[in-house]
**Student:** 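Input: one structure, supplied below.
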Amino acid sequence: MRMIISDVNLIDGTGSGLQPFVHLVIEDDQLVEVLSSDLPQEMGNTKVMNGNGRWALPGLFDLHVHIATWHGQPDVDRYKTYQPAKAAVLGAKRIHQTLMGGVTTLRDLGTAHGVAIALKEAIEKGQLMGSRILPSDKIICVTGGHGHDVEGMSREADGPDDVRQAVREQLRAGADLIKICNTHRAPLSEFTQEELQAIVSEAHRNGVLVACHVGIEPGYQMAVRAGIDTVEHGNLPSDETIALMAERGTYWVPTVSVSRGLIDGERANMTVEQVREAVKERVEKREVSRRKSKFGIQYMTESFRRSPEVFQKMREAGVLIACGTDVDASQDREGALPMDAAKNEMKWFVRFGMTPEEAIVAATATSARAAGIGDWVGTLKKGKVADIILLERDPLDDIDAIDTVSAVIKEGVIVRDDA
Ligand SMILES: [Zn+2]
């Protein structure tokens, strides 16, 4: 099947500016040519989609999603157990919405009861339309560690042998990567250095990458030293760790959406003092457990306060920054659904100092490489998979134009075109 998307302004994800009024030639699922000449008079069997002067970008990435999990319940006890059937139904709805919003690839970093893997398989078999999913299946954490308390979503593992087995279990279940949690709010490493190394070596030996939830030192640097591939959140690194990440090529998925509260409430425009009060209030209402809150108030306020500064330091050091949001399936606030979250994360990147084009590269080419699939997707260069979105306005002028998605093509198939 041959198709041409005519008359688009191409932003190919590599950071090389704009190619005005070109035509994208697609064969089956691949972009095979970018034509800057006039279209041939005789098109034969070629289908033509009118790009109509819109801006063409690679499909967006969200590297940190929990597609069928929810954190936002008002009742902590209900958060601990929820029905797999309900998760599956909600996940199927969300993954469709996510694709329609222009996020063509996501990593699911922990969804209970194997739901993300089931969604991925249904999508690959054509039973369900949705974004490409790279699932981690269960989160691997230490006994009682961060992430252990959601039923069906984590595998507690202790000691080098057990953590290796836990990695193998996720691979057996169909995971495309390994997600671990090491250190959340308390200043200690949950895994030992030996355990971290065992996880990374077992994953890498099997050809998969390791994403690590980490918040604060010393567990932060220990995870980076062990060779994890992406730092998830990574709010409070030491300067030494930042330098180490730059040196080792460790990707950073800052999930600014979380540290600035876009997803978690109305923190986005609060002062540090207001954030402290809001967290205290949640602790008092027992929405955050007292044990967790011991370090929670300080951690959350520090993360909020330091997020622009840490972002700037990471950029200056040359750390590769990728796009992930930590959005889950439950959110029904405007801007916090999976199809909007990645775009809002990009706006945070710009607010924190990136140019709009750098934010686009972060959410496409860099994210694809961070996910280990940059050789076949993530840019609109000849030979890449045709995951394409069309915008009504120029995002290089104003990143808010990322909200004007009016067409989505996944693997050469038009799944949405409002024109
Ligand atoms: Zn998460």
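Read the numbers this way: they start at 1 and go in the same order the structure lists the ligands and their atoms.
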**Student:** Could you tell me whether the side chain of R132 and the main chain of T105 form a donor-acceptor pair under 3.5 Å?
**Tutor:**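 Side chain of R132 to backbone of T105, a donor-acceptor pair under 3.5 Å: no, none is there.
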**Student:** Do any N/O/S atoms of D326 come under 2.8 Å of the Zn ion (ligand 1)?
**Tutor:**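 Coordinating: yes.
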**Student:** Could you tell me whether any N, O or S atom belonging to H233 is less than 2.8 Å from the Zn ion (ligand 1)?
**Tutor:** no
**Student:** Return a table of donor-acceptor pairs under 3.5 angstrom between the side chains of residues 359-377 and protein atoms on other chains or two or more places apart.
**Tutor:**
{"unit_1": "T364", "atom_1": "OG1", "unit_2": "I360", "atom_2": "O", "d": "2.7"}
{"unit_1": "T366", "atom_1": "OG1", "unit_2": "V361", "atom_2": "O", "d": "3.4"}
{"unit_1": "S367", "atom_1": "OG", "unit_2": "C323", "atom_2": "N", "d": "3.0"}
{"unit_1": "S367", "atom_1": "OG", "unit_2": "A362", "atom_2": "O", "d": "2.6"}

**Student:** What pairs meet the side-chain hydrogen bond (donor to acceptor under 3.5 Å, both in side chains) rule with one or both residues in residues 202-211, with sequence neighbours excluded?
**Tutor:**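 Listed once each, the pairs are R164-E202, R168-E202, E202-R205, E202-N206, H204-D229.
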**Student:** For the Zn ion (ligand 1), give me the closest N/O/S atom belonging to H66, just the atom name.
**Tutor:** NE2
**Student:** Is the closest basic N to carboxylate O distance between E316 and K313 below 4.0 Å?
**Tutor:** no
